[in-house]
Amino acid sequence: MGTTFGKGCHLHLIDGSAFIFRAFHALPPLTRKSDGLPVGAVSGFCNMIHKYVEDNSGPDAPTHVAVVFDKGSHTFRNDLYDLYKANRDEMPEDLRPQIPLTREATRAFNIACLEQEGFEADDIIATLTRRAVEAGGRVTIISSDKDLMQLVGNGVEMLDAMKGKRIGVEEVEEKFGVRPDRVVDVQALAGDSVDNIPGAPGIGIKTAALLIQEFGDLETLLDRADEIPQPKRRQTLIEHRAQIELSKRLVTLDQAMPLEVTLDDLEVRRPDPASLLAFLNQMEFRTLTRRIAEALGVDAPAAADPAPAAAEAPARLPFTPETYECVRDAAALRGWIEAAQARGWVAVDTETTGLDEMRCDLVGISLAVEPGRACYIPLGHKTGGGDLFGADALAEGQMPLSEALALLKPLLEDPAVMKIGQNMKYDAKVLARHGITVAPIDDTMLMSYAMHAGLHGHGMDALSERYLDHSPIPIKSLLGTGKAQITFDRVPIDEAVKYAAEDADITLRLAQLFKPQLHRAKVTTVYETLERPLVAVLAEMEMTGIKVDRDTLSRMSNAFAQKMAGLEAEIHELAGERFNVGSPKQLGEILFDKMSLSGGKKGKTGAYGTGADVLEDLAAEGHDLPARVLDWRQIAKLKSTYTDALQDHIHPETGRVHTSYVITGAVTGRLASTDPNLQNIPVRSEDGRRIREAFVADAGKVLVSLDYSQIELRILAHVAGIDALKQAFRDGHDIHAMTASEMFDVPLDRMTPEIRRRAKAINFGVIYGISGFGLARQLRIPRGEAQGFIDRYFERFPGIRAYMEATVAFAKANGYVQTLFGRRIHTPEIGAKGPQAGFAQRAAINAPIQGTAADIIRRAMIRMPAALGGLPARMLLQVHDELVFEVEAGAADDLIGRVRAVMEGAAMPAVKLDVPLVVDAGQGANWAAAH
DNA sequence: CTCGTCACG
DNA sequence: GACGTACGTGACGAGT
């Protein structure tokens, strides 16, 4: 370990995706015996990797190796050309669940496993190839893909593993008729029907090669196209110049993409027999397990139990806290790191002094490599006493923090070792502050969310009790509660070991239980594409934060305080006595007992209702006091929740506010924002909206806000199949006016705002699972009239009622509903009797619509880092259908173009909507101006 | 710690 | 025939 890549080194880059597809198509469908999981491609993949290892252990063995995969189907090329690879079929259903298993297989062989969202495997290969050549090494690319041939030469060659044929400069020239460095020119002209590269119509490889030979390169050819003798050819090149140039950009591989991994990380490592055989055994590959055991010179393990028993086995192993190890020096830590590296996975948990990742300090790290085998590394525990200033000394027997992190960094960043956590976003952020980028990751909280949304929460204690039948040590037993509560750095180390190591142990056991269940629950794709990749994206946004101007907030607070004092005096005057205006109880007594106003209704707790709707009715009757209270309440809300509280959230060092998004916060797939909640900053009232002026861009930058227009109604039109709505969206019509026109037989040119307002309320009501009562209250009309509107709506759009009924029936039959992307939301209350029944049905109707919208913006966010590559821009906030960015002023328009393309295309290619998605954009010095 | 209230999509 | 209802969140102050 530890040699630097350079002269004499030989890097092998394996085109992993090509291996998978070849294995999938060449082999008959094969399923795992115990549970029917399709594993044919995994089996073929393992065979090919094994054969590769056998064939390459001789004198010319590589010193460095990596298997490179495609990730996702959207890359920067789709932003250049939306039809790029558009004629590709969706991945076969049987292959999909095998994709993550091939990653695991690669790690089981102890080979680095690389992939990156937004880039193709070919770009990663190109980038590493260039780096290796620049460092003076040789490269062999194990692939026969012609798109990689542009890289050949200069110590780089390709190897067709199936045919055992080497592809050097000569072979490339034979195929393309030009030297490798001009291959992209030929490809740009000839195009490619497989990848849907347009090229120049009527020109194939032969003609293209002739032209490039004659003119030297593509740019010269295009500049001097008028010299081409053949009139047809000449005309084609001149006419299609832009298309040809685009084609060249599409076929040219990115040799300088951002890539965290370094060549040194790819050094060849011997596989750990135990973990490799464990993986093969878990896949139930009998022959291969035996063959590889022989090759490694060890005994094959006993054949695996049927999967369900195997999956439950780790849960049954008892917890033995006394066997957890306390790691106090580098030698011991190295042992744990090697154990993790040999297995290809490790569960990780960090202990800190608080819950705010941006402010707390790291106190220790725990690791688990097997059920029951875990350790805790104390790093920041303090001695009890404390000096006069409360600054305690570090407790004895701890490694220096910097030394431990220096040892752990390569493991935590090793692409071949899976880091397993419970809510990894937290640990990733803590470690990021120490310069460590944790990857790749698995997250038990997100696995549970993908499988169990709507059934129960996803906190570790709940999961442990429910799935491992084990109650973890409560944190309160260590920290105490209330005023006497201490921070984790004050916990004695021997107590901390039991608690912290147990957390890592539980996390590992949960992962081993959940991972194989994802497929059976049919949510592997949801977990892999909508949950897990979001962790890094959100961590980055949260750490970036948004700048908030304290002076603006402070001035507003003062103004609000004055206004409130004035209103309070008026209210006391009107009431004839002093009372706490902020107390609903006291207010209710004043209004309905003392003043005997009408409409006093007591709720289930026996208190009068004094909500805004009640006070508005009273105010409309001409009563001044409730009107003043409404004004007071609005200001009190703005002051306490926003202008006051937000100031406390400004980070002392960054001057910015760092919210925290909860990925599992809403059952539908929406995010939740906490500490502070930046998803409910006022916008509807004029006074409230001014609070957004305090959210500002840094000097020289602007804030850009982009939001989906009517995304939920568009999804409704699609899922319910309402032709009239779909057509209206395609034509860009005013959807509420069009609904009003259909319902009330009013031609569009005679539409009034009032009729449109009613139709708008109905459209929203439909999304929520409409009821006559709800609509009546919203529109303040009699219930019978509201019911009449709803009946008419369903007459005009019978598909909507059919959709609603079908959704409820599906929920009753299956116990869940799902989004267009396969996210499942469980509906355990759907069969309930009584008033809960209505709740559950409306929630079931709403969930697929709200959830599909949530999935779409998640997909957009996950693609954003790649789409933004190179731009001086950062994504700051998500507000359900809106994304907020901060960008150098000069690049705002470029940013809007790119982000809009990603957002509008975010459903593709997994789902092709019948309606267009439309994104509105704004920019300005602050959030109010950008919205 | 629960409730009522109100901010957002 | 009566129930009581629009869907999804988080934070605050009051009052237990």
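Here is the naming used below: chain letters follow the sequence lines, and residue numbers restart at 1 for every chain. All figures in this text were calculated on a predicted structure; none of them were measured in a lab.
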Name the nucleic acid region contacted by [X], choosing base, sugar-phosphate or nothing; use a 4.0 angstrom heavy-atom cut-off, strictly under.
X	value
A/Q634	sugar-phosphate
A/R633	sugar-phosphate
A/A854	nothing
A/A645	sugar-phosphate
A/G838	nothing
A/A840	nothing
A/D707	nothing
A/L775	base
A/G609	sugar-phosphate

Side chain of A/E904, backbone of A/V919: donor and acceptor closer than 3.5 Å? yes
Test your reading of the model: is there a side-chain donor-acceptor pair from A/T659 to the backbone of A/P676, 3.5 Å cut-off? yes
Would [X] and [Y] pass as an ion pair if we require N to O under 4.0 Å?
X	Y	value
A/E754	A/R758	yes
A/R858	A/E531	yes
A/E886	A/K547	no
A/E712	A/R670	yes
A/R780	A/D617	yes

Could you give the [atom1]-to-[atom2] distance, from [X] to [N], as a whole number of Å?
X	N	atom1	atom2	value
A/I681	C/dG10	CD1	P	14 Å
A/F579	C/dG15	CZ	P	11 Å
A/Q679	C/dG8	CD	P	16 Å
A/D613	C/dT5	CG	P	12 Å
A/R777	C/dT5	CZ	C1'	8 Å
A/K833	C/dG4	NZ	P	17 Å
A/Y642	C/dG13	OH	P	13 Å
A/Y449	C/dT9	OH	P	8 Å

Among the candidates [options], find the nucleotide nearest to the side-chain atoms of [X].
X	options	result
A/K585	C/dT16, C/dG8, C/dT5	C/dT16
A/R783	C/dG8, C/dG15, C/dG4	C/dG4
A/F839	C/dC7, C/dA11, C/dG8	C/dC7
A/S640	C/dG13, C/dA11, C/dG8	C/dG13
A/K637	C/dG15, C/dA6, C/dG10	C/dG10

Would one find a side-chain N or O of [X] under 4.0 angstrom from OP1 or OP2 of [N]?
X	N	answer
A/R842	C/dC7	yes
A/S583	C/dG15	yes
A/Q586	C/dG15	yes
A/N677	C/dT9	no

In whole Å, measure the gap between the P atoms of C/dT5 and B/dT5 for me. 13 Å
Nearest-Å distance once atom P is located in both C/dA6 and B/dC6: 14 Å
Less than 4.5 Å apart, any side-chain heavy atom of A/F885 and any of A/M864? yes
Taking the side chain as every heavy atom from C-beta outward, state whether A/P848 and A/V719 have any pair of such atoms under 4.5 Å apart. no
With a 4.0 angstrom cut-off to heavy atoms of chain A, pull out the first and last contacting nucleotide of DNA chain B, in 5'-to-3' order. B/dC3 to B/dG9
A/Y793 ring center near A/F797 ring center (under 6.0 Å): yes
A/Q841: which residues meet the side chain to side chain contact (heavy atoms under 4.5 Å, CB included) condition with it, sequence neighbours left out? A/V808, A/K812, A/I830
On the 0 to 90° scale, with breaks at 30° and 60°, tag the A/F592-A/Y608 ring pair as parallel, tilted or perpendicular. tilted
Contiguous Watson-Crick or G-U pair runs (3 or more, under 3.5 Å) in DNA chain C: B:1-9 with C:7-15
